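Keep in mind that what you see is a predicted model, and the values were worked out from it rather than measured.
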Amino acid sequence: RAGLDGSWRAAASGPATRWSSVGEAGGTVCVRVTAVDVAGNTTMGPVRCVGVRMDDRELAPVGPIRRVRSAGAVDRTITVLDGSGSAIAFEATTRKVGVLFERSPDGGKAWIVVDGVAVRTFDTFGATRSPVWWTRSFPTVDPHVVEVRWTGGHASQSSGHGIRVDAVAS
């Protein structure tokens, strides 16, 4: 099912022993295995929920942004938060959230805000382009809103102030 309160649907039927999240919408996906023996008896396993990452293009940024191609990125795209008021946010009902950034020589500093509270200033400067995750865990499964906001700040070595967001996961 999609999310924690979505409706159930068949993901696989037959003697399948694997299921893939490829093609699933980003967010939280929950699965439950139902086994049927030759006599027709059924047994249901426990519900297991997994996070499916969302590419940056599935999010709705605000303010000045650029969409750029990047060979090493999820689906080969990056959203660059690039000016005052630019931000990207997502909502998830989960125990853990993450944002995949791309560090770069022109990377700036981002504010990470969870449920309306600034929890971290995250520096995306790097001498070379490389992926880096920011993650946060919670004690229980609850709804959360995560925002990445452009600050305009940057490390002294950085040649710019853009925040390169590749994907999010819950």
Side-chain angles (χ1 to χ4, degrees), residues 2-4 11-12 16-31 48-115 117-138 141 143-170:
L4 299 175
T17 57
R18 293 182 181 190
W19 170 79
S20 171
S21 65
V22 172
E24 293 293 331
T28 304
V29 174
C30 299
V31 295
R48 301 283 188 220
C49 297
V50 296
V52 177
R53 69 177 181 226
M54 292 188 288
D55 181 56
D56 61 291
R57 293 173 298 174
E58 296 178 63
L59 304 170
V62 297
I65 65 143
R66 289 180 291 126
R67 304 267 190 184
V68 298
R69 307 250 335 130
S70 181
V74 174
D75 292 335
R76 293 182 163 64
T77 62
I78 298 277
T79 296
V80 183
L81 306 180
D82 214 16
S84 181
S86 62
I88 203 162
F90 69 102
E91 235 179 293
T93 300
T94 186
R95 265 184 108 105
K96 187 173 185 177
V97 294
V99 179
L100 179 58
F101 294 94
E102 184 179 73
R103 286 212 163 123
S104 66
D106 61 348
K109 293 184 179 180
W111 281 314
I112 299 177
V113 178
V114 177
D115 300 329
V117 177
V119 297
R120 175 135 188 225
T121 300
F122 194 85
D123 190 353
T124 66
F125 168 77
T128 59
R129 294 196 189 283
S130 61
V132 60
W133 279 98
W134 168 85
T135 61
R136 175 113 185 196
S137 296
F138 306 100
V141 174
H144 298 284
V145 176
V146 177
E147 299 173 80
V148 176
R149 298 180 186 167
W150 182 86
T151 68
H154 61 86
S156 60
Q157 314 93 303
S158 178
S159 62
H161 54 262
I163 309 300
R164 301 170 73 87
V165 178
D166 186 0
V168 299
S170 63

>> Under the criterion side chain to side chain contact (heavy atoms under 4.5 Å, CB included), I'd like the reasoning laid out for Arg164 against Arg129: C-alpha separation, chi angles, the key distance, then a yes or no.
In response: CA-CA 10 Å; Arg164 301 170 73 87; Arg129 294 196 189 283; 3.0 Å; yes
Quick one: are [X] and [Y] in side-chain contact, heavy atoms under 4.5 Å?
X	Y	answer
Leu100	Val168	no
Arg76	Val68	no
Val132	Phe122	yes
Lys96	Phe138	no

> Distance from Arg95 atom CZ to Arg136 atom CZ, nearest 0.5 Å?
Replying inline: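 Reported to 0.5 Å precision, the distance equals 14.0 Å.
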> From Phe101 CZ over to Ile163 CD1, what is the distance, rounded to the nearest 0.5 angstrom?
Replying inline: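 Interatomic distance, Phe101 CZ to Ile163 CD1, rounded to 0.5 Å: 7.0 Å.
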Do you know the tightest heavy-atom contact between [X] and [Y]?
X	Y	result
Pro64	Ser84	CD-O, 3.4 Å
His161	Gly152	CB-O, 4.1 Å
Val148	Ala110	CG1-CB, 3.8 Å
Asp82	Trp150	C-NE1, 4.0 Å
Ala155	Asp123	CB-OD2, 3.6 Å
Gly162	Val80	CA-CG1, 3.9 Å

> Ile88 and Glu147: side chain to side chain contact (heavy atoms under 4.5 Å, CB included), yes or no, with the steps?
Replying inline: CA-CA 6 Å; Ile88 203 162; Glu147 299 173 80; over 6 Å; no
>> Main chain of Gly83, side chain of Ser86: is a donor-acceptor contact present, judged purely on distance under 3.5 Å?
In response: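 At least one qualifying donor-acceptor pair exists.
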> Is the side chain of Thr124 donor-acceptor paired with the backbone N or O of Lys109 at a distance under 3.5 Å, no angle test?
Replying inline: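 Looks like no, no N/O pair under 3.5 Å.
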Would you say [Y] and [X] are linked by a side-chain donor-acceptor pair, where the criterion is simply a distance under 3.5 Å?
X	Y	value
Arg67	Thr79	yes
Thr77	Asp75	no
Ser70	Glu102	yes

>> Could you go through Val97 and Phe90, starting from their C-alpha distance and side-chain angles, then the distance that decides it, and tell me whether this counts as side chain to side chain contact (heavy atoms under 4.5 Å, CB included)?
In response: CA-CA 10 Å; Val97 294; Phe90 69 102; 4.2 Å; yes
>> Tell me if the aromatic rings of His154 and Phe125 count as close, with their centers under 6.0 Å from one another.
In response: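 No, they do not, as the ring centres are separated by 6.0 Å or more.
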>> With side chain to side chain contact (heavy atoms under 4.5 Å, CB included) as the criterion, how do Trp133 and Val99 come out once you've worked through the C-alpha distance, each side chain's angles and the decisive distance to 0.1 Å?
In response: CA-CA 6 Å; Trp133 279 98; Val99 179; 5.6 Å; no
